[in-house]
Visitor: 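Let me begin by handing over the structure; questions about it come next.
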Number of protein chains: 2
Amino acid sequence: MIEYRNLRVALLGGGSVGAQVARLLLEQKEELANRVGASLELVGILVRDLDAERTVDLPRELFTTDAESLILGADVVIELMGGLEPARSYILMAINSGADVVTANKALLATHGPELFAAADQVGAQLNYEAAVAGAIPIVRPLRDSLGGDQVKRILGIVNGTTNFILDRMDTEGDTLEEALRLATDLGYAEADPTADIGGYDAAQKAAILASLAFHTNVPLDSVYREGITAVTPAQIESARKAGYVVKLLAICERLVDAATGKEGVSARVYPAMVHRSHPLAAVHGANNAVFVEAEAAGSLMFYGAGAGGVETASAVLGDLVSLARRHIAGGPGVAASSHADLPVFPIDSITTRYAVTLEVTDEPGVLATLAGVFSDHGVSLALVEQSMTPAQPGTASHAPVSSTATLVIGTHEATEAALAATVRDLAENKFVTNVASVLRVEGV
Amino acid sequence: MIEYRNLRVALLGGGSVGAQVARLLLEQKEELANRVGASLELVGILVRDLDAERTVDLPRELFTTDAESLILGADVVIELMGGLEPARSYILMAINSGADVVTANKALLATHGPELFAAADQVGAQLNYEAAVAGAIPIVRPLRDSLGGDQVKRILGIVNGTTNFILDRMDTEGDTLEEALRLATDLGYAEADPTADIGGYDAAQKAAILASLAFHTNVPLDSVYREGITAVTPAQIESARKAGYVVKLLAICERLVDAATGKEGVSARVYPAMVHRSHPLAAVHGANNAVFVEAEAAGSLMFYGAGAGGVETASAVLGDLVSLARRHIAGGPGVAASSHADLPVFPIDSITTRYAVTLEVTDEPGVLATLAGVFSDHGVSLALVEQSMTPAQPGTASHAPVSSTATLVIGTHEATEAALAATVRDLAENKFVTNVASVLRVEGV
C-alpha cells in the first residue's frame with residue numbers, strides 16, 4: 001500500500017448519519033485514500049453520552065465528549081449534530097482554526113448561512129453541504145457548479161420524504177392523513193414529533209438554501225412562505241385525481257419580475273400544490289425526493305433519489321469530504337459562495353400562481369354566471385370550469401321539488417395570492433355557495 | 001461596476017454549441033464576472049472559414065483561423081471542434097502553455113482520455129468535460145464529486161437522444177425505424193449520416209467515459225461492447241409492450257465479480273434492451289436523456305434532462321468554465337482524475353443478463369417441453385413462458401386439419417451471453433421452431 005499523507009477527520013455527532021459516515025470511513029479507508037491521494041483518518045466522534053447505544057458497531061475509543069480538543073486537532077470537521085447551537089459555534093471554531101468543514105445541517109445553513117460562508121471565505125476554508133438538501137441526491141453541486149454559467153428560472157422540489165410518503169399513500173391507497181402519518185411513523189419515516197415535516201418547516205429550510213444558491217443571493221428563512229400538509233383532505237386528493245392531478249408538497253424557488261414595479265426579485269415558498277400527472281414530479285413516489293430545475297439555457301432538468309436515510313445521507317457527506325480532501329491536498333483556498341445578486345425576496349401576496357377552487361353550490365339557474373362574476377370582480381380570469389351534479393340522496397321521492405346541489409371545480413389563470421384570497425372571501429359569503437371545499441395552487445405549468 | 005481581473009477565454013469551434021457559448025459569454029458578461037470574481041473575456045473563436053454563415057450574430061473580429069496564436073494567448077481554452085485531430089493537439093498545446101481546458105469532445109475523451117488527464121495532472125491544469133456526456137445534464141460532476149465517497153454499482157444510461165426519439169416513436173406511435181429516423185432527420189435530431197447515433201457509437205463513447213469515471217479506472221473505447229438499434233423491429237417493440245416493457249438503447253456500466261475467477265472487474269456495453277414500464281427510465285420520452293445510477297450507500301439516483309442541443313450543451317460548457325475560472329482565481333492546481341483502481345474490463349461473453357426470446361413454433365404436443373430442454377441443456381433457466389396462438393388465416397376451412405403456429409415469449413433468469421448465444425443457435429435449428437423472432441436483453445431489474 002502506498003504511504004499517504006494523513007488528513008485528520010473529526011466527526012461531530014454519532015446519530016444515524018454520523019454512525020454510517022464513521023463506518024464507511026473505516027471500512028473504505030484504503031479505497032478512499034487512493035481516490036483522494038491522502039489517508040482520511042477518523043480521529044474522533046463527538047457524542048453527548050459515551051455509553052449510549054449505537055446503531056453501528058464502532059471502536060469505543062473514538063468517542064469523546066471533548067468538543068474543543070477534537071475540533072482543534074482536525075484538518076476536516078464533519079458536523080452532523082443538527083440544531084443551531086452548539087453546531088454554529090463548533091463550525092466557526094473549526095473554520096477559524098484552519099479546518100475545512102462538511103455539514104448536513106439545513107436548519108443552521110438556512111438560519112446562519114451568510115455568517116458561516118463569510119467566515120469560511122475570509123480564511124479560504126471550504127464549507128460543503130450537499131447532504132443538507134435532498135439527502136443523497138446531488139443538487140447543491142449541480143446548482144453551484146454545473147449550472148454556474150446558466151440562469152436558473154425556477155426550482156420545484158419534493159424535498160421532504162415524510163410528506164411525500166403521506167401524500168402518496170393518500171393518493172394511491174386512499175389513506176387519510178392520520179392513517180398515512182401513523183404508517184410513516186411505524187416505518188421510521190416520520191419523527192415522534194412530526195411537526196417539522198408535516199408543518200413544512202423542514203422543506204422551508206431547504207427552500208431557503210436552494211433559492212440562495214440558485215439565485216446567488218441571500219434568502220433568509222423567515223422570508224420563505226410556508227404551509228404544511230395538515231389541511232390536505234382525502235376529498236382534495238380525490239378531486240385532484242379526477243382532474244388528472246396529484247397533490248405534492250413543493251418547495252418552490254422562482255426568479256421573478258414584479259409586475260407593478262418592474263423590479264427583479266425572487267420568491268421562495270412551500271405549500272401543497274396540484275401537479276399534473278404528466279409532470280415528471282408526479283411520478284415521485286414514497287419517501288423519495290426530486291428536484292426539478294428550469295434553467296434559461298439548460299432547459300428542464302430533474303434530480304431524483306432517496307431524500308433521507310442514514311446511509312444515503314452519509315453518501316452525500318462522504319462525497320463532500322472526498323471532494324474537499326482532494327482540494328485540501330492539491331492546495332489553494334476554497335471558492336467563496338456567491339451572493340452578489342442581492343435580490344429582494346417578494347412576499348407571498350405579490351406572487352401569481354394558478355388555482356383550483358372547488359365549490360359546493362346550490363344548483364339553480366344563474367349560479368355559474370354569478371360566481372364567474374365574483375372571480376372577474378377581483379381580476380381573476382377562469383381557465384376551466386367543471387360541474388358535477390351531487391347525486392340525489394336515496395329515498396328522495398322523484399316527483400318532489402328538491403333543491404339539489406352541485407360541485408364546481410374552477411381552474412384559474414395566473415392570479416395574485418391577494419386577488420385570490422379576496423375572491424375566496426366573497427365566494428364564501430355568496431348565497432349560492434354552500435361550501436368552499438378546497439383551494440389549491442396548481443404548479444408545474 | 002466592480003473592476004475585475006481579466007481571464008482570457010479562447011473558443012475552438014463556432015458550430016451550434018460554440019456559437020451559443022460565445023453568445024452567452026458576451027450577453028452575460030457582467031453577471032458571470034460577478035459570479036466568478038473575474039471578467040471572462042472572449043478573445044477569439046477558431047473557425048475553418050471566416051466567411052461561413054453563423055447561427056448566431058457574433059462580432060466578426062472574434063473569428064480567426066490562427067489556432068496557435070489564439071491558444072497561446074489564452075488562460076482558458078474551450079474546445080468544441082469535435083473529432084480527434086487537431087482537437088487533441090490543441091488541447092495538449094493549451095495545457096502545456098499553462099491554460100485550463102473545457103471540452104465537450106466525447107470521441108476524444110473516450111479515445112485519448114488518459115493521455116489528456118495525465119498531461120493536465122502533470123502541470124496542475126484543470127480539464128473539465130461535463131458537456132461530453134448527456135448534454136446539459138450534470139452527470140460528470142455528480143459522479144466525480146458527489147459520489148466520490150460512494151461505490152457505484154451500476155449505471156444505466158439513455159445517453160443518445162436520437163435513438164431514444166426513434167424508439168419512443170416506434171413505441172408510442174407505431175412508426176417503423178425508417179419512418180422514425182426520417183422524422184428525426186427532418187426535426188434536426190439526427191445527422192445526415194445517422195450511423196454514429198443509430199449504430200450505438202456515440203453511446204459507446206459516453207459509456208467509456210462514464211465507466212472510467214464511476215469506477216476510477218481506465219475503460220478504453222474498444223473494450224465497450226456495442227450494438228445499435230438498426231435491428232430493432234416493430235414486432236419486438238410490440239411484443240415488449242404486451243409484456244409491460246419498453247425498448248431503450250442503454251449504455252450500461254457495471255462493477256462485477258467474475259463468477260469463474262472471483263476477480264473484480266467492470267463491464268461497459270451498449271445495446272437495445274427491454275426496460276420494465278415501472279422503471280424511471282421507461283418514462284424518458286422523445287430526445288431526452290437520463291442516467292440512472294445505483295450506488296452502494298446512496299441507493300438509486302436519476303439525472304434527467306436534455307441530452308443535446310446547442311444552447312443546452314452550452315449551459316454545461318459554461319458551468320465547467322465558471323467552476324474552472326473560480327478555481328483559477330482562487331489559486332491552487334486542478335485536482336487529478338482518479339484511475340487508481342485499474343480494473344479489468346470483462347468481455348461481453350462473460351456478462352450475465354436476463355433475456356426475452358420470442359419464438360414462432362408449430363403448435364404440437366411436446367413443443368414446450370422440448371424447447372425448455374434446449375435452454376436447460378445450456379444451463380439457462382427460465383423465469384417466464386407466455387404462449388399466444390397465432391390467429392388462423394381468414395379463408396381457412398374450419399374443418400380442415402391445419403398445422404397451426406404459436407408464438408412463445410420466453411423470459412430467462414440471468415445467463416451468460418455465451419450460454420444464451422449457444423441456446424439461440426440450437427433453437428434456430430430445432431424442428432418445432434419456424435422463426436426466432438426476437439432476442440432482447442432485459443435490464444433494470
Side-chain angles (χ1 to χ4, degrees), chain A residues 20 24-25 28 31-32 34-37 124 130 135-138 140-142 144-151 216 280 283 290 293 295-306 309 311-312 314-323 326-327 329-336 338 340-341, chain B residues 20 24-25 28 31-32 34-37 124 130 135-138 140-142 144-151 216 280 283 290 293 295-306 309 311-312 314-323 326-327 329-336 338 340-341:
Chain A
Q20 291 295 336
L24 291 168
L25 270 176
Q28 307 187 67
E31 171 66 18
L32 291 176
N34 286 328
R35 292 189 192 176
V36 171
E130 184 65 77
I137 308 172
V140 170
R141 196 166 276 112
R144 191 191 58 196
D145 296 333
S146 308
L147 291 167
D150 206 331
Q151 297 281 358
H216 306 271
V293 180
E296 204 64 60
S300 295
L301 302 170
M302 192 169 85
F303 305 81
Y304 166 92
V311 69
E312 292 87 349
S315 169
V317 171
L318 282 178
D320 272 355
L321 173 64
V322 162
S323 151
R326 283 175 179 152
R327 168 55 43 205
I329 295 301
V335 168
S338 147
H340 61 86
Chain B
Q20 291 295 337
L24 291 167
L25 271 175
Q28 306 187 67
E31 171 65 19
L32 292 175
N34 286 328
R35 292 190 192 175
V36 171
E130 185 64 77
I137 307 172
V140 169
R141 197 167 276 112
R144 191 191 59 196
D145 297 332
S146 309
L147 291 168
D150 206 330
Q151 297 281 358
H216 306 271
V293 180
E296 204 65 60
S300 296
L301 301 171
M302 193 169 85
F303 305 80
Y304 165 92
V311 69
E312 292 87 350
S315 169
V317 170
L318 282 179
D320 272 355
L321 173 64
V322 162
S323 151
R326 284 176 179 152
R327 168 54 43 203
I329 294 301
V335 167
S338 147
H340 62 85

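A note on names: the letters A, B, ... follow the listed sequences, proteins ahead of strands, and every chain is numbered from 1. Atom set for the values below is all heavy atoms of this structure, side chains included, hydrogens, waters and symmetry mates excluded.
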Visitor: Identify which of B/P280, B/G135, B/G305, B/A298 forms the greatest number of heavy-atom pairs closer than 4.5 Å to chain A.
Guide: B/A298
Visitor: Heavy-atom pairs under 4.5 Å with chain A - which of B/D320, B/L318, B/V322, B/L301 has more of them than the others?
Guide: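 The answer is B/L301.
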Visitor: In terms of heavy-atom pairs under 4.5 Å with chain B, which of A/A314, A/G299, A/G148, A/G309 leads?
Guide: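 Top option by heavy-atom pairs under 4.5 Å: A/G148.
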Visitor: Can you tell which of A/A290, A/G149, A/G124 has the highest number of heavy-atom pairs within less than 4.5 Å of chain B?
Guide: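 Heavy-atom pair counts peak at A/G149.
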Visitor: Taking B/S300, B/G37, B/A283 one by one, which has the highest count of heavy-atom pairs under 4.5 Å against chain A?
Guide: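 Maximum pair count with chain A is reached by B/S300.
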Visitor: Is it the side chain or the backbone of B/L32 that comes within 4.5 Å of chain A heavy atoms, both, or neither?
Guide: side chain
Visitor: Under the side chain to side chain contact (heavy atoms under 4.5 Å, CB included) rule, what do A/V335 and B/R327 come out as? Steps first, then yes or no, please.
Guide: CA-CA 7 Å; A/V335 168; B/R327 168 54 43 203; 3.6 Å; yes
Visitor: Is the shortest side-chain heavy-atom distance between B/Y304 and A/Y304 below 4.5 Å?
Guide: no
Visitor: Taking atom types as modelled, is there a side-chain donor on A/D145 or B/S323 under 3.5 Å from an acceptor on the other?
Guide: no
Visitor: Please determine, among B/L321, B/V311, B/I137, the option with the most heavy-atom pairs under 4.5 Å with chain A.
Guide: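 The residue among B/L321, B/V311, B/I137 with the greatest pair count is B/V311.
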Visitor: Do the non-hydrogen side-chain atoms of A/R144 and A/H216 ever get within less than 4.5 Å of each other?
Guide: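 In short, these two side chains do not touch, never coming nearer than 4.5 Å.
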Visitor: Heavy-atom cut-off 4.5 Å, strictly under: side chain, backbone, both or neither for A/Q20 against chain B?
Guide: neither
Visitor: Measure across A/D150 and A/A295 and return the closest heavy-atom pair with its distance rounded to 0.1 Å.
Guide: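 Minimum heavy-atom contact is OD2-CB, 3.6 Å.
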Visitor: Go through B/S315, B/A136, B/G332 and name the one with the most non-hydrogen pairs under 4.5 angstrom from chain A.
Guide: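 The answer is B/S315.
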Visitor: If every non-hydrogen atom of A/P138 is compared with every non-hydrogen atom of A/F303, which pair is closest and at what distance?
Guide: O-CD2, 3.5 Å
Visitor: Taking A/P333, A/G331, A/P142 one by one, which has the highest count of heavy-atom pairs under 4.5 Å against chain B?
Guide: A/P333
Visitor: Looking only at heavy atoms and a cut-off of under 4.5 Å, which of B/E31, B/Q28, B/R35 has the most pairs with chain A?
Guide: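 When all of B/E31, B/Q28, B/R35 are compared, B/R35 has the most.
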Visitor: Examine distances only and state if a side-chain atom of B/E130 and a backbone atom of B/R141 form a donor-acceptor pair shorter than 3.5 Å.
Guide: yes
